[in-house]
Amino acid sequence: MDLQKKPSLILQLKSIIQSQNHQRLLLRDLEKEVGFVAKWNFMSIIEKYPSIFRVGGGCGKEFPFVTLTGKAEKVAREEGEARNLMEPILVKNLRKLLMLSIDCRVPLEKVEFIGNELGLPHDFKKSLIFKYPEYFSIKVINGRAYLNLENWDSSLAVTAREERFARERMLQSAGGQNKVRITKDGNYLGPFAFKMCYAAGFRPNKSYLEELGKWQKMEFPSPYLNARRFEVADPKTRKRVVAVLHELLSLTMEKRMISAKLDAFHSEYRLPSKLVLCLIKHHGIFYITNKGARSTVFLKEAYDGTNLVDKCPILMFNDKFVALSGRHVTL
């Protein structure tokens, strides 16, 4: 998260400049866009990365302004194609998000709340919801607008965890390995197992691994089945909750979300009342950090060190644009 601070500022400034008339931002207006305190961070970015941002004006009656350099403009034009490639991904993920919920609907304000995490464009109601009436509709229930799923697609009711298991089983069969056992790091290739990624200094003892082995092998209902059908106290239901959290994070671009945003979906997905404790308990699956002033939950298996393993088109575009700065930072 620390590594992403400057790339995030670079991308934010790019978006601000592109939103201006003639794609140039008067430096005197920077404070209006980002506030007095943040203005100085952006001024530093402008000064530090002349390969991306060009300062002009300041002579005669022309006020100083900042714009993108020619090279940055050329790369920025590729964003449109990245957005086009993102559209089917976003439509699929939105459908899955609704299928996970109890009533196949989620308050529209909550979808907007996690819009950045999902990668939704600002005009997603027009560009996605209204564009695909066969999948989505907006209905007002008791004075509250809901994003509603129009039809159920069983082919989408497959979790990222299940897809990973299918790939790994195929690789294992191709390698001629048929014996399945719990490894010393708690991993187990089974249809109801989760990928475990413990911290380097964590050394589980024998009893811990035995309990983990039982938990890994325990069957549980699919996150795409209605949560009302299951008893909250049932161990299988509690494991299902872990699968729901895993799937929710898998639907985000960066496989992470602020814990407060996750908790906002408590009623739609029947999440535990003590969400943070649940996440801490399963620290081989989730990682929680307080850096950035707010607690953020990461899906561990999605990362190799600090790098996100699988990136969507818009994140690959962001990487390419930030690379103009000479910084080898992956988002």
Side-chain angles (χ1 to χ4, degrees), residues 1 4 86 89-102 106 110-120 156-165 167-168 186-187 192-199 215-216 220-225 227 237-292 294-312 314-315 318 330-331:
M1 293 183 72
Q4 290 185 4
M86 280 295 294
I89 297 172
L90 294 176
V91 170
K92 176 184 175 182
N93 287 351
L94 264 182
R95 294 171 72 191
K96 289 171 74 75
L97 186 79
L98 296 174
M99 289 169 64
L100 280 171
S101 65
I102 294 174
V106 172
K110 293 190 179 183
V111 178
E112 294 170 340
F113 190 42
I114 61 169
N116 289 336
E117 284 79 0
L118 295 175
L120 297 178
L156 296 181
V158 180
T159 65
R161 185 196 60 81
E162 290 170 321
E163 290 174 349
R164 178 186 59 79
F165 168 67
R167 289 194 302 270
E168 291 184 355
N187 281 301
F192 299 101
F194 288 81
K195 174 73 173 176
M196 295 293 167
C197 307
Y198 290 109
W215 187 83
Q216 286 278 55
F220 65 93
S222 168
Y224 287 99
L225 293 176
T237 302
R238 289 201 293 266
K239 187 175 180 181
R240 179 188 174 277
V241 168
V242 174
V244 170
L245 291 168
H246 185 287
E247 186 71 352
L248 283 174
L249 291 174
S250 296
L251 295 177
T252 64
M253 284 202 305
E254 297 181 285
K255 318 307 178 198
R256 69 178 191 178
M257 193 183 296
I258 295 170
S259 58
K261 291 190 175 185
L262 262 181
D263 205 27
F265 291 88
H266 176 80
S267 58
E268 286 77 20
Y269 301 108
R270 292 287 176 93
L271 300 181
S273 56
K274 296 180 181 179
L275 178 61
V276 173
L277 290 178
C278 174
L279 294 167
I280 292 173
K281 180 180 179 181
H282 298 285
H283 59 102
I285 304 171
F286 309 109
Y287 175 75
I288 309 176
T289 176
N290 286 318
K291 289 188 176 181
R294 291 174 293 182
S295 173
T296 302
V297 184
F298 287 77
L299 186 60
K300 279 189 170 184
E301 68 183 70
Y303 285 80
D304 179 12
T306 60
N307 298 324
L308 185 65
V309 177
D310 295 318
K311 298 188 178 184
C312 62
I314 198 64
L315 289 183
N318 288 347
T330 54
L331 300 178

So [Y] and [X], do their side chains get closer than 4.5 Å, heavy atoms only?
{"X": "Arg270", "Y": "Val241", "result": "no"}
{"X": "Leu248", "Y": "Leu97", "result": "yes"}
{"X": "Ile102", "Y": "Glu268", "result": "no"}
{"X": "His266", "Y": "Leu275", "result": "no"}

Note to self: Please determine whether side-chain contact (heavy atoms from CB on, under 4.5 Å) holds for the pair Thr296 and Met257, giving the CA-CA distance in whole Å, both sets of side-chain angles, and the decisive distance to 0.1 Å.
What the structure shows: CA-CA 6 Å; Thr296 302; Met257 193 183 296; over 6 Å; no

Which value, rounded to the nearest 0.5 Å, describes the distance between [X] atom [atom1] and [Y] atom [atom2]?
{"X": "Tyr224", "Y": "Ser101", "atom1": "OH", "atom2": "OG", "result": "10.5 Å"}
{"X": "Thr252", "Y": "Asn93", "atom1": "OG1", "atom2": "CG", "result": "9.0 Å"}
{"X": "Arg240", "Y": "Leu245", "atom1": "CZ", "atom2": "CG", "result": "10.5 Å"}
{"X": "Leu299", "Y": "Ser250", "atom1": "CG", "atom2": "OG", "result": "5.0 Å"}
{"X": "Ile280", "Y": "Ile288", "atom1": "CD1", "atom2": "CD1", "result": "4.5 Å"}
{"X": "Leu100", "Y": "Leu225", "atom1": "CG", "atom2": "CG", "result": "10.5 Å"}

Minimum heavy-atom distance [X]-[Y], with the two atoms named:
{"X": "Phe113", "Y": "Ala260", "value": "CE2-O, 4.3 Å"}
{"X": "Met253", "Y": "Ile314", "value": "SD-CG2, 3.2 Å"}
{"X": "Arg256", "Y": "Phe298", "value": "CD-CE2, 3.4 Å"}
{"X": "Pro272", "Y": "Asp263", "value": "O-OD1, 4.5 Å"}
{"X": "Val242", "Y": "Cys278", "value": "CG2-SG, 4.5 Å"}
{"X": "Val309", "Y": "Asp304", "value": "CG2-N, 3.8 Å"}

Check: Does a salt bridge link Arg161 with Glu301, judged by any charged N lying under 4.0 Å from a carboxylate O?
Finding: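 Glu301 and Arg161: not salt-bridged.
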
Item checked: SB check Glu168 Lys195 (cutoff 4.0 Å) ->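 Not counted as a salt bridge, because no side-chain N and carboxylate O are separated by less than 4.0 Å.
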
Check: With His282, which of Trp215, Tyr287, Tyr198 fulfils ring-ring contact (aromatic ring centres under 6.0 Å, His included)?
Finding: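 Single pass found, and it is Trp215.
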
Margin query: Can you classify the ring geometry of Phe192 versus Phe220 as parallel (below 30°), tilted (30 to 60°) or perpendicular (above 60°)?
Written below: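 Ring orientation of Phe192 relative to Phe220: perpendicular.
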
For the side chain of [X] and the backbone of [Y], is there at least one donor-acceptor N/O pair under 3.5 Å apart?
{"X": "Lys96", "Y": "Thr159", "value": "no"}
{"X": "Lys255", "Y": "Tyr303", "value": "no"}
{"X": "Lys239", "Y": "Gln216", "value": "yes"}

Next item on the list: Could you check Val276, Leu262, Ile258 and say which one makes a side chain to side chain contact (heavy atoms under 4.5 Å, CB included) with Val297?
Entry: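 Among Val276, Leu262, Ile258, the one that satisfies the side chain to side chain contact (heavy atoms under 4.5 Å, CB included) with Val297 is Leu262.
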
